[in-house]
K.L.:
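Handing you a structure now.
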Amino acid sequence: MDLFSYAGEERKKKDEPLAARMRPQGLEEIVGQEHIVGKNKLLYRAIQADQLSSLIFYGPPGTGKTTLAMVIAKTTRAVFRQINATIAGKKDMEAAVEAAKQALGAYDRRTILFIDEIHRFNKAQQDYLLPYVEDGTVILIGATTENPYFEVNKALLSRSRIFELKPLEKEDIVKLMKRAINDPLRGVGMYQVIADDDALDFLAEAADGDARGALNALELAALTTQRENDGSVRLTMEVAQECIQKRALKYDKDGDGHYDVISAFIKSMRGSDPDATLYYLARLLKAGEDVRFISRRIMIAAAEECGNADPRALEIAVNAALAVERIGMPEGQIILAQAATYIACAPKSNAASSGIFKALEEVERSGNLRIPPYLQDAHYASAEKLGRGVGYKYAHDYPHHYVPQQYLPDAIRNNRYYNFSHVAYEARLRQYFDSIGKRDYGREELEANRNK
């Protein structure tokens with residue numbers, strides 16, 4: 001490298017964005033992703049021991065895919081080469097493979113080939129790498145924001161271990177920003193940034209799991225905010241909003257705002273108003289509410305408000321929660337909207353939720369009433385001698401798979417906890433019960449069966 005090239009590289013380092021300068025230099029500096037790089041986890045041990053096989057890092061932007069690759073580069077004895085699939089072609093791969101062969105043959109050193117945005121390579125480009133991955137000429141580390149099961153060749157996948165990186169938690173991003181504020185060499189410590197806690201919380205929430213966005217907003221604040229008389233830079237909520245171009249909604253997750261908006265959201269679903277449901281869902285999303293919390297409320301509403309009037313409501317709510325977890329945001333907001341509006345538009349019945357509360361009150365009031373002996377467990381030796389299971393009628397042996405039989409304890413044998421509504425699918429259940437006489441048989445028949 002000549003003098004001009006060296007000077008250019010040094011200038012590039014100096015002009016690097018804060019997020020690039022603050023990349024962890026070792027495993028101990030990595031924040032988040034405990035599920036894969038926590039101490040004693042497989043990847044942590046492999047990096048420490050310098051015993052890596054081919055890897056695919058998959059996750060949203062700003063979650064640390066390139067960071068992990070750089071940490072590996074600093075800790076491994078192997079030669080480390082990097083290619084970006086957005087600008088590289090087959091010639092670049094051929095050069096990397098040829099250099100890897102020379103390093104292995106001349107110095108007995110393996111080569112780690114890091115391919116960023118590997119999903120950008122077409123099938124032919126990915127196929128070219130396969131034999132060299134297979135024979136150990138290169139150890140492949142691929143990074144992708146797309147699902148590798150859709151975008152990476154199955155042959156490469158079968159020879160690689162896939163690690164999914166999750167969006168960073170708010171607390172992780174706050175920790176990274178505080179680290180940058182206190183670091184005078186790589187961070188913004190030289191600017192004497194004094195950050196309000198609510199401003200850091202806002203930046204972390206607005207970043208939506210992407211540490212890069214939060215750090216770059218922090219740097220913008222440090223560089224552009226007018227200094228105080230003592231030379232410090234004050235990062236307030238107002239400054240934070242300007243730097244990330246997002247308005248903070250008045251919403252305290254631990255205060256009245258949180259409970260008021262979520263209460264309105266639930267009551268709008270219960271009240272069959274899809275427009276209000278979407279409005280309050282938007283309020284929750286814009287305020288940075290945890291999507292897992294929103295998903296839980298939608299699932300609860302499906303069972304509590306729709307119940308058996310529309311059993312599909314719970315299926316849709318659960319599937320939505322799983323889909324949001326897999327897809328993430330911002331696309332996940334569409335899935336939440338579908339589930340919430342389905343519940344808002346679905347037939348309503350609270351028979352199931354009212355029934356369990358009545359039953360819980362009964363248990364609280366009467367305690368552990370004796371279960372009829374013929375319903376008790378009889379799957380052990382000598383159970384029959386104790387009268388366990390004796391006289392039990394197996395419903396499937398009777399017409400319509402039903403036979404009148406007392407199931408409740410004697411003291412409450414005539415109690416009723418589940419009261420069918422006349423709505424939608426629950427009305428059909430009620431008709432079925434009427435057709436088999438489940439709710440119409442008399443007490444005399446009950447007493448006769450009980451005394452047999």
Side-chain angles (χ1 to χ4, degrees), residues 1-2 4-6 8-10 12-13 16 20 23-27 30 36-37 43 46-59 61 63-165 212:
M1 180 182 293
D2 59 31
F4 295 106
S5 298
Y6 175 79
E9 289 299 316
E10 289 300 305
K12 271 174 59 179
K13 289 180 183 177
E16 277 184 326
R23 284 195 195 281
Q25 302 299 300
L27 279 171
I30 292 178
I36 59 173
V37 288
L43 184 58
I47 295 173
Q48 287 281 64
D50 197 7
Q51 294 293 322
L52 289 168
S53 58
S54 291
L55 310 170
I56 301 289
F57 294 143
Y58 158 50
T63 52
K65 299 183 294 297
T66 304
T67 292
L68 267 175
M70 295 298 102
V71 167
I72 290 169
K74 294 177 185 297
T75 57
T76 184
R77 179 183 171 273
V79 176
F80 188 90
R81 295 182 67 91
Q82 181 174 356
I83 290 177
N84 191 308
T86 59
I87 57 175
K90 188 175 179 182
K91 286 186 177 180
D92 299 287
M93 287 192 289
E94 289 173 345
V97 168
E98 186 58 35
K101 289 178 180 178
Q102 292 177 10
L104 189 61
Y107 306 104
D108 194 28
R109 292 179 66 189
R110 301 180 72 188
T111 295
I112 292 176
L113 179 60
F114 174 54
I115 302 180
D116 204 3
E117 307 287 348
I118 191 172
H119 60 276
R120 300 275 189 169
F121 276 158
N122 59 37
K123 185 178 184 301
Q125 290 170 310
Q126 292 183 30
D127 283 343
Y128 172 78
L129 290 170
L130 186 58
Y132 305 109
V133 171
E134 196 164 35
D135 67 12
T137 302
V138 296
I139 299 168
L140 172 67
I141 298 181
T144 176
T145 56
E146 304 296 325
N147 190 325
Y149 292 103
F150 298 149
E151 303 295 338
V152 179
N153 288 2
K154 289 182 180 179
L156 277 180
L157 288 179
S158 68
R159 291 160 178 80
S160 307
R161 187 176 291 274
I162 298 171
F163 290 97
E164 182 178 3
L165 281 71
R212 186 186 299 116

K.L.:
Could you list the donor-acceptor pairs under 3.5 angstrom formed by side chains in residues 93-110, with sequence neighbours left out?
P.N.:
| residue | atom | partner | partner atom | Å |
| --- | --- | --- | --- | --- |
| Arg109 | NE | Arg77 | O | 3.1 |
| Arg109 | NH2 | Arg77 | O | 2.8 |

K.L.:
Do you know which two heavy atoms are closest between Pro24 and Val71, and how far apart they sit?
P.N.:
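Taking every non-hydrogen atom into account, O-CG2, 3.7 Å.
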K.L.:
Where do Ser54 and Val138 come nearest, in terms of heavy atoms and distance?
P.N.:
OG-O, 4.5 Å
K.L.:
To the nearest 0.5 angstrom, please state how far the CZ atom of Phe114 sits from the CD1 atom of Ile83.
P.N.:
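Phe114 CZ to Ile83 CD1: 11.0 Å, rounded to 0.5 Å.
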K.L.:
Residues in salt bridge (charged side-chain N to carboxylate O under 4.0 Å, His left out) with Glu146, at least two apart?
P.N.:
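None.
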K.L.:
Run the side-chain hydrogen bond (donor to acceptor under 3.5 Å, both in side chains) test against Thr76 and tell me which residues pass, sequence neighbours left out.
P.N.:
Asp50
K.L.:
Return the CG to CG distance between Leu156 and Leu140, rounded to the nearest 0.5 Å.
P.N.:
6.0 Å
K.L.:
Would you check if Ser160 and Leu55 make a side-chain contact, meaning some heavy-atom pair closer than 4.5 Å?
P.N.:
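A side-chain contact is absent here, since even the closest heavy-atom pair is not under 4.5 Å.
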K.L.:
Just to verify, what does Phe80 make a ring-ring contact (aromatic ring centres under 6.0 Å, His included) with, not counting sequence neighbours?
P.N.:
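By the ring-ring contact (aromatic ring centres under 6.0 Å, His included) rule, Phe80 matches no residue at all.
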K.L.:
For residues Thr145 and His119, determine if any side-chain heavy atom of one lies less than 4.5 Å from a side-chain heavy atom of the other.
P.N.:
yes
K.L.:
Are Leu68 and Val37 close enough that some pair of their side-chain heavy atoms sits under 4.5 Å apart?
P.N.:
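Side chain of Leu68 against side chain of Val37, heavy atoms only: contact under 4.5 Å found.
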K.L.:
What residues form a side-chain hydrogen bond (donor to acceptor under 3.5 Å, both in side chains) with Lys74, not counting sequence neighbours?
P.N.:
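Lys74 satisfies side-chain hydrogen bond (donor to acceptor under 3.5 Å, both in side chains) with Gln25 once adjacent residues are dropped.
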K.L.:
Which atom pair, heavy atoms only, marks the closest approach of Ser158 to Ala155?
P.N.:
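Smallest interatomic distance, heavy atoms only, reads OG-O, 2.8 Å.
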K.L.:
Return the CD1 to CG distance between Ile47 and Leu27, rounded to the nearest 0.5 Å.
P.N.:
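Reported value, rounded in 0.5 Å steps: 4.5 Å.
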K.L.:
What residues, two or more places apart in sequence or in another chain, satisfy side-chain contact (heavy atoms from CB on, under 4.5 Å) together with Thr86?
P.N.:
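Residues passing side-chain contact (heavy atoms from CB on, under 4.5 Å) with Thr86: Asn84, Glu117, Arg120.
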K.L.:
If you compare all heavy atoms of Leu52 against all heavy atoms of Ala46, which two are closest, and at what distance to 0.1 Å?
P.N.:
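Of all heavy-atom pairs spanning Leu52 and Ala46, the closest is CD2-CB, 3.9 Å.
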K.L.:
Pair up each side-chain donor or acceptor in residues 126-137 with any protein partner under 3.5 Å, not counting sequence neighbours, and list the distances.
P.N.:
| residue | atom | partner | partner atom | Å |
| --- | --- | --- | --- | --- |
| Gln126 | OE1 | Asn153 | N | 2.7 |
| Gln126 | NE2 | Phe121 | O | 3.0 |
| Gln126 | NE2 | Glu151 | O | 3.2 |
| Asp127 | OD1 | Asn153 | ND2 | 2.6 |
| Asp127 | OD2 | Lys123 | NZ | 2.9 |
| Glu134 | OE2 | Arg159 | NE | 3.1 |
| Glu134 | OE2 | Arg159 | NH2 | 2.7 |
| Asp135 | OD1 | Thr137 | N | 2.9 |
| Asp135 | OD1 | Thr137 | OG1 | 2.6 |
| Asp135 | OD2 | Thr137 | OG1 | 3.3 |

K.L.:
Could you report the tightest heavy-atom contact between Leu157 and Val152, atom names first, then the distance?
P.N.:
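For Leu157 and Val152, the tightest heavy-atom pair comes out as CD1-O, 3.6 Å.
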K.L.:
Just by distance, do the side chain of Lys65 and the backbone of Gly59 share a donor-acceptor pair under 3.5 Å?
P.N.:
yes
K.L.:
Applying side-chain hydrogen bond (donor to acceptor under 3.5 Å, both in side chains), name anything that partners Thr111, two or more places apart in sequence or on another chain.
P.N.:
none
K.L.:
Supply the atom-to-atom distance Thr63 OG1 to Arg212 CZ, rounded to the nearest 0.5 angstrom.
P.N.:
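The CZ atom of Arg212 is 8.5 Å from OG1 of Thr63, to the nearest 0.5 Å.
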K.L.:
Calculate, to the nearest 0.5 Å, the distance between atoms OH and CG belonging to Tyr58 and Leu165 respectively.
P.N.:
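With rounding to 0.5 Å, OH (Tyr58) is 11.0 Å from CG (Leu165).
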K.L.:
Enter the distance from Ile36:CD1 to Ile162:CD1 here, rounded to the nearest 0.5 Å.
P.N.:
12.0 Å
K.L.:
With sequence neighbours excluded, what pairs up with Thr67 under the side-chain hydrogen bond (donor to acceptor under 3.5 Å, both in side chains) test?
P.N.:
Arg23
